[in-house]
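Since the structure comes first, as structure tokens, the remarks are kept for the end.
Quick note on labels: first sequence line is chain A, next is B, and so on, each numbered from 1.
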Number of protein chains: 2
Amino acid sequence: MGAAAERAEEENEEWAGVTPDAARRLVGAAVEAFAERGYHATTTRDIAGRAGMSPAALYIHYKTKEELLYRISGIGHEKALRIMGAAAEAGGSATERLRDAVRTFARWHAEHHTTARVIQYELQALSPEHYTEITGLRRKTDRLLRQIIQDGADSGEFRADDVPGTTLAVLSLCVDVARWFTADGPRTPDEVGTLYADLVLRMVGAPDRG
Amino acid sequence: MGAAAERAEEENEEWAGVTPDAARRLVGAAVEAFAERGYHATTTRDIAGRAGMSPAALYIHYKTKEELLYRISGIGHEKALRIMGAAAEAGGSATERLRDAVRTFARWHAEHHTTARVIQYELQALSPEHYTEITGLRRKTDRLLRQIIQDGADSGEFRADDVPGTTLAVLSLCVDVARWFTADGPRTPDEVGTLYADLVLRMVGAPDRG
DNA sequence: CGCGCCGCTGAGCAAGCGCTTAGGGTCCGG
DNA sequence: CCGGACCCTAAGCGCTTGCTCAGCGGCGCG
């Protein structure tokens, strides 16, 4: 997949997989509201209102308000996992793979900062069963990144004394983009991605032009 | 102030300035509850219960639930500002000041991760006036760190092409410690501090032993 | 002992919450 | 024209929320 196609898929209707139309409008409205005010401060009346429906319509498509959060979290974390997976499975040196991983992962968190904010900061509102299911996806993403960093440390490309700690820091850095990024800020998602990729490569002591 | 005294002040009753005793017990209970469940998911009955009082007792010491959050945010951000200020005003090279700033700032976010979580992630629940007041403190902290990095860039100690972007990343890294850190994890707050200081120094391209 | 002070409680109010239910409009196959 | 499947709404139920208020009990003081 070329860069243009890759970008196109990212831009394409984020919730295209959700049908029928009314259900999709509801996820969109819920993401907006959850990102703005937080899950607990958002009312089902607000979500339905943003989607242009009466409060009762929500319950035709979702059993509870929590199910909406669960669906959003699932789709979002699967997308994040696929982004990290694409970078991990690509060929090239550990340096190249790490650069790609951080660039695309951070960029996604900026581009889709409303969705990212919800899936990264509202997890604790999920039911215990849903919570453990979603954190499972998260751990998979974590392992993919750790393996890249481990590869670089093994091959001598990176100087990373503490691989799990470094992985944690890199992931934390990318995820936190969702907290501070705003579309009207001075940086585009692309710029955030390349800046963060540069910073992280230096953090792991990769050679300047690897 | 020596390292031992510095540590002692950090450890000392975090809310010592809050009197009388009942009001202090309430802040403690509120921080615990807010960090665990979030501001909006926490009830005044829960806060009062944790402090060993009836729900009505809360309103003798605080006008509203939001005032509790405001007090916590104020005290917490002032402490964070003082930590950053101490590192910024200390003598030494930019490298030494940056190491100290990141080490103590990250360590505080780990050590007091419940307080930190509340003051960093529940800000949007504040009233508009309180919100702008608190973000003012935050901007001061930001400026102190940016100056250190700017100094290092000017003196040639650091290779930081994008000083504001790098500052943002460093601050984001330290703040996000509050999100993932738990006391029962594999790392002590001290270890987090030194790990993060090392990572950041490499991120800004400081010489290995500066 | 009597008195006032003050931190606190038990009971409860108005409002807003998540969610339910009965029923209406629209469409399609016959 | 009918009949039912599909979405949707108006109304509202039961409950919890942030917050209030009348009054109680134990203390210091004379």
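In terms of the ring-ring contact (aromatic ring centres under 6.0 Å, His included) criterion, A:Tyr196 has no residue partners (sequence neighbours excluded). With sequence neighbours left out, the ring-ring contact (aromatic ring centres under 6.0 Å, His included) criterion links B:His77 to no other residue. Under the ring-ring contact (aromatic ring centres under 6.0 Å, His included) criterion, A:Tyr62 pairs with no residue, sequence neighbours left out. Evaluation of the ring-ring contact (aromatic ring centres under 6.0 Å, His included) rule for B:His61 yields no partner, not counting sequence neighbours. In this view, B:Glu32 and B:Arg50 satisfy the salt bridge (Lys or Arg N to Asp or Glu O under 4.0 Å) rule, not counting sequence neighbours.
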For this session: Could you walk me through whether A:Asp142 and A:Arg138 pass the salt bridge (Lys or Arg N to Asp or Glu O under 4.0 Å) test, one step at a time?
Result: CA-CA 6 Å; A:Asp142 188 283; A:Arg138 223 207 253 246; over 6 Å; no
Side-chain donor/acceptor pairs under 3.5 Å, residues 16-23 of chain A, sequence neighbours excluded:
residue : atom : partner : partner atom : Å
A:Asp21 : OD1  : A:Arg24 : NH2          : 3.4
A:Asp21 : OD2  : A:Arg25 : NE           : 3.3

For residues 165-172 of chain A, please give each side-chain donor-acceptor pair under 3.5 Å, one per line with the distance, not counting sequence neighbours.
residue  : atom : partner  : partner atom : Å
A:Thr166 : OG1  : A:Asp162 : O            : 2.7
A:Thr167 : OG1  : A:Val163 : O            : 2.7
A:Ser172 : OG   : B:Asp176 : OD2          : 2.6

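Contacts between residues 60-69 of chain B and DNA chain D, defined by a heavy-atom separation below 4.0 Å, involve B:Thr64, B:Lys65, listed by number. Listed by residue number, B:Ala22, B:Arg45, B:Met53 are the residues of residues 20-53 of chain B with a heavy-atom contact under 4.0 Å to DNA chain C.
When side chains are defined from C-beta on, B:Thr188 counts as touching B:Glu191, because their heavy atoms get closer than 4.5 Å.
Between the OH atom of A:Tyr59 and the P atom of D:dA11 there is a distance of 19 Å, rounded to whole Å.
Salt bridge B:Asp46/B:Arg37: present, at least one basic N to carboxylate O contact under 4.0 Å.
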Nucleotides 21-29 of chain C: which of its N/O atoms have a protein N/O under 3.5 Å away?
none

Are there any protein N/O atoms within less than 3.5 Å of an N/O atom in nucleotides 27-29 of chain D, and if so, which ones and at what distance?
none

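Pairs of residues two or more places apart, or lying in two chains, that qualify as salt bridge (charged side-chain N to carboxylate O under 4.0 Å, His left out) and include a residue from residues 56-70 of chain A are A:Glu67-A:Arg71.
B:Tyr70 and B:Glu133 share a side-chain donor-acceptor pair at under 3.5 Å.
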